[in-house]
Structures are given as C-alpha cells and as structure tokens.
Number of protein chains: 2
Amino acid sequence: MKRPLLKIGELANLANVSQDTLRFYEKHGLMRPSARSEAGYRLYSAQDLQRIRFILSAKEVGFTLKEIEELLALEVTRDEKSCQDVKSLVDEKLATVTQRIHELQRIKKSLQSLSDACCGGDEPATHCTILEALSDHDAGSSLVGGKHHDLIK
Amino acid sequence: MKRPLLKIGELANLANVSQDTLRFYEKHGLMRPSARSEAGYRLYSAQDLQRIRFILSAKEVGFTLKEIEELLALEVTRDEKSCQDVKSLVDEKLATVTQRIHELQRIKKSLQSLSDACCGGDEPATHCTILEALSDHDAGSSLVGGKHHDLIK
DNA sequence: GTTGACTCTGGACCCCACTCCAAGGTTTAT
DNA sequence: ATAAACCTTGGAGTGGGGTCCAGAGTCAAC
C-alpha cells in the first residue's frame, strides 16, 4: 500500500510555504513533484515533503538557493572519479557549517548574558548592549570575524 | 594615548567589505563613523570595526539587516519600564538562535556521514544523498522542520 | 450543468542588499 | 604644482528570492 500523493495546496500547507514558492523552486531546479496527474496537476510524495522542509531550514540558516541546490545534488557514488570532487565539496560545506555554528554560539552567549542582566538581575546591567557582551566574552580569545583578510589588490 | 581613527578604505580592508557597503549600512542606520574629519571624511574607531564585524557575522548566519539593527539597538537599562520589552525581544532572538544552531547541527551530522561514507569508507556508500543521511539520523527523533503549522485561513 | 474550490502557465512586479557610476573635493608623494 | 590615490554625495542599475495577478482548465458537490 503506497501512500497518496499530495496536491500542491496540501504540500504547501504541510510545509508552511506558498504554492507560488513551490513553483518558483521547481522552476529553479530545487525540487520537482514526483508525478503529475492526467490533468497536469503536480503530485508530491512524502520524500518531496522532506525535501521542501530541508530547503526551508537550510535557507533559515543562511544558505542561498544555489548552495542548497548543491547540497541536494551531492551524491556519494562508487565511482572513484567523482568521489574526490564530492568529498571536497562536502568538506567545504562542513567547514562553513561549523563556522556558522560557532558564530551562532557566540551570539547566543551574549544574548544570554543580556537576558540574565536584564530585570531581576541583582547586578545592575553588567553588559548593556550586545556588543559589550560580546567583547567581554571574547576577552583574550579569538577575534570577531577576522577571516583570512586577503587585502583586495 | 588614544588610537588613530581609520578612514573608510582602511576599515573596509580590515573588515573585508566594500566601502559602498559601509556607506550603505550607514544610510540604513546600522552604523555611523565615530567622527568626521574637517574635510568630511568618515573616521572609524576600533569599536566601529567590532561593530561591522558583528554585522557581517550575523548576516552570515541568516539575520536580515533589520534584525541586526534590532540586535544592536538592544540596551539593558535600569529603567524598569523598558526592561520587560527588551527581555522579551532578547528571549525571542535567543529562541531563534537556538533553533538555528539545532538545524545547523543536523546538517552538520549528515554532511559528516556523507564525508565518511565517501571514498575510503569501507562500507560502500551507506547514505548516498544528504536527504537520506538526514532521514536516517532522524529516524525516531523529532521531525524535519515541522513548525506550528497553523494552516493559513 | 452550474457553482466554488482547486490547479495550470506566463508574465509583471516587489523588496532587499548591495554595486556601480559620475562629478567633484582632499591628501600625499614627487 | 601636478598627478595619483584617496574621499564625498547622489542616483541608477542589478541579482536573489519571492509574490501577485490574469486567463483558463479541472474536479467535487449540489
């Protein structure tokens, strides 16, 4: 028994996204419906639902549609040839992701110290702004941002 | 002894951003130079450098300029009135940040399993795509995305 | 067999976040 | 004192990521 396919409106509701957006993603190659009805209606499977959810959450954390497309296109094959290519792309993305997690954790920490300092905190306003909270946590550790900073030209 | 102020080109190089972008951010209220020279040149302090770096890293992890402006505008004051407002905004952002960290960690895990499965892995291609890797990790745990899913209308 | 809710395609339009001039003033090096 | 390298403002243009029609076909219920 295979489960019924979803029409675009149904998928849109489940994924909390507009129908237009689904068609837009399709036009740009991020996802296509598993099937079409006789009349040409798009029909989506459970995998499609999973896929759109992935797209949305990757977008949430700062990936562009192009990057998401790359992520979705990744395929580990037995083919020795493509293997290195895939691995290097994956490792590159992995580095990006790790980096972003660190950045978010820094932000989280300082938001937390702001939240704590706020009302009810006995110490009256230790850090007053997010930047002060940040530089305080950073004291003595790695710098904000930094990057490889290859001066242009 | 106070340290010298930076001209826009110098700040731009240090922060790895274009001068146009700095002026753009200024126009939109995200940052203004600490001073202006007699001739009207923008002059930036070390704090300004810290600020632009924060802006860039917040952007990296998916915040819009509007949200970043809100973050930067947060101020914990002794004023009992504003306190609750600030705290609720901070806590809201905190939730967003935490959520994003989780999403990134999920992505990270599946990238890792892809990377491991890739070349040199003895098991020939356990998970072949990122979606398969994801659904595998998720088996039995919380769903992908989900949200409160209040159907529109 | 008509109403109402759904879907289709195609194209116009919109906002955000830059990016790129043009025309001119300033600073520094020679 | 003049060129090269900087800076200024203002405004136009661009690309990404949607969003919103219009006009037409489909489907279920009455």
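Naming convention: chains lettered A, B, ... in sequence-line order (proteins, then strands); numbering from 1 in each chain. Computed from a predicted model, the values in this text were never measured in an experiment.
- Nearest-nucleotide assignment on DNA chain C puts the 5′-proximal partner with A/Lys27, out of B/Lys27 and A/Lys27.
- Note on B/Arg42: only backbone sugar-phosphate atoms sit closer than 4.0 angstrom, heavy atoms only; bases stay farther off.
- Phosphate contact (OP1/OP2 of D/dT9, side-chain N/O of B/Arg36, threshold under 4.0 Å): present.
- If B/Asp20 and A/Ser37 are placed on DNA chain D by their nearest nucleotide, the residue sitting closer to the 5' end is B/Asp20.
- Each of A/Leu22, A/Leu65, A/Ile52 was scored for a side chain to side chain contact (heavy atoms under 4.5 Å, CB included) with A/Leu30, with one residue passing: A/Leu65.
- To the nearest 0.5 angstrom, A/Leu11 atom CG is 11.0 Å from A/Leu5 atom CG.
- At a threshold of 4.0 Å, the pair A/Arg36-A/Glu26 counts as salt-bridged, since one of the basic side-chain nitrogens sits closer than that to a carboxylate oxygen.
- Spacing between atom CG of B/Leu22 and atom P of D/dT9 amounts to 13 Å, rounded to whole angstrom units.
- Across the interface with DNA chain C, nearest-nucleotide mapping of B/Arg23 and A/Ile8 shows A/Ile8 to be the residue nearer the 5′ end.
- When only modelled atom types and interatomic distance are considered, B/Thr129 and B/Glu132 share a side-chain donor-acceptor pair under 3.5 Å.
- For A/Arg51 and A/Asp48, the salt-bridge test fails: no basic side-chain N is under 4.0 Å from an acidic carboxylate O.
- Here B/Asn13 contributes atom CG and B/Leu6 contributes atom CG; the two are 10.5 Å apart, rounded to the nearest 0.5 Å.
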Pairs under 3.5 angstrom, nitrogen or oxygen only, protein versus nucleotides 15-18 of chain C, please.
{"unit_1": "C/dA17", "atom_1": "OP1", "unit_2": "B/Leu65", "atom_2": "N", "d": "3.1"}
{"unit_1": "C/dC18", "atom_1": "OP2", "unit_2": "B/Tyr25", "atom_2": "OH", "d": "2.5"}

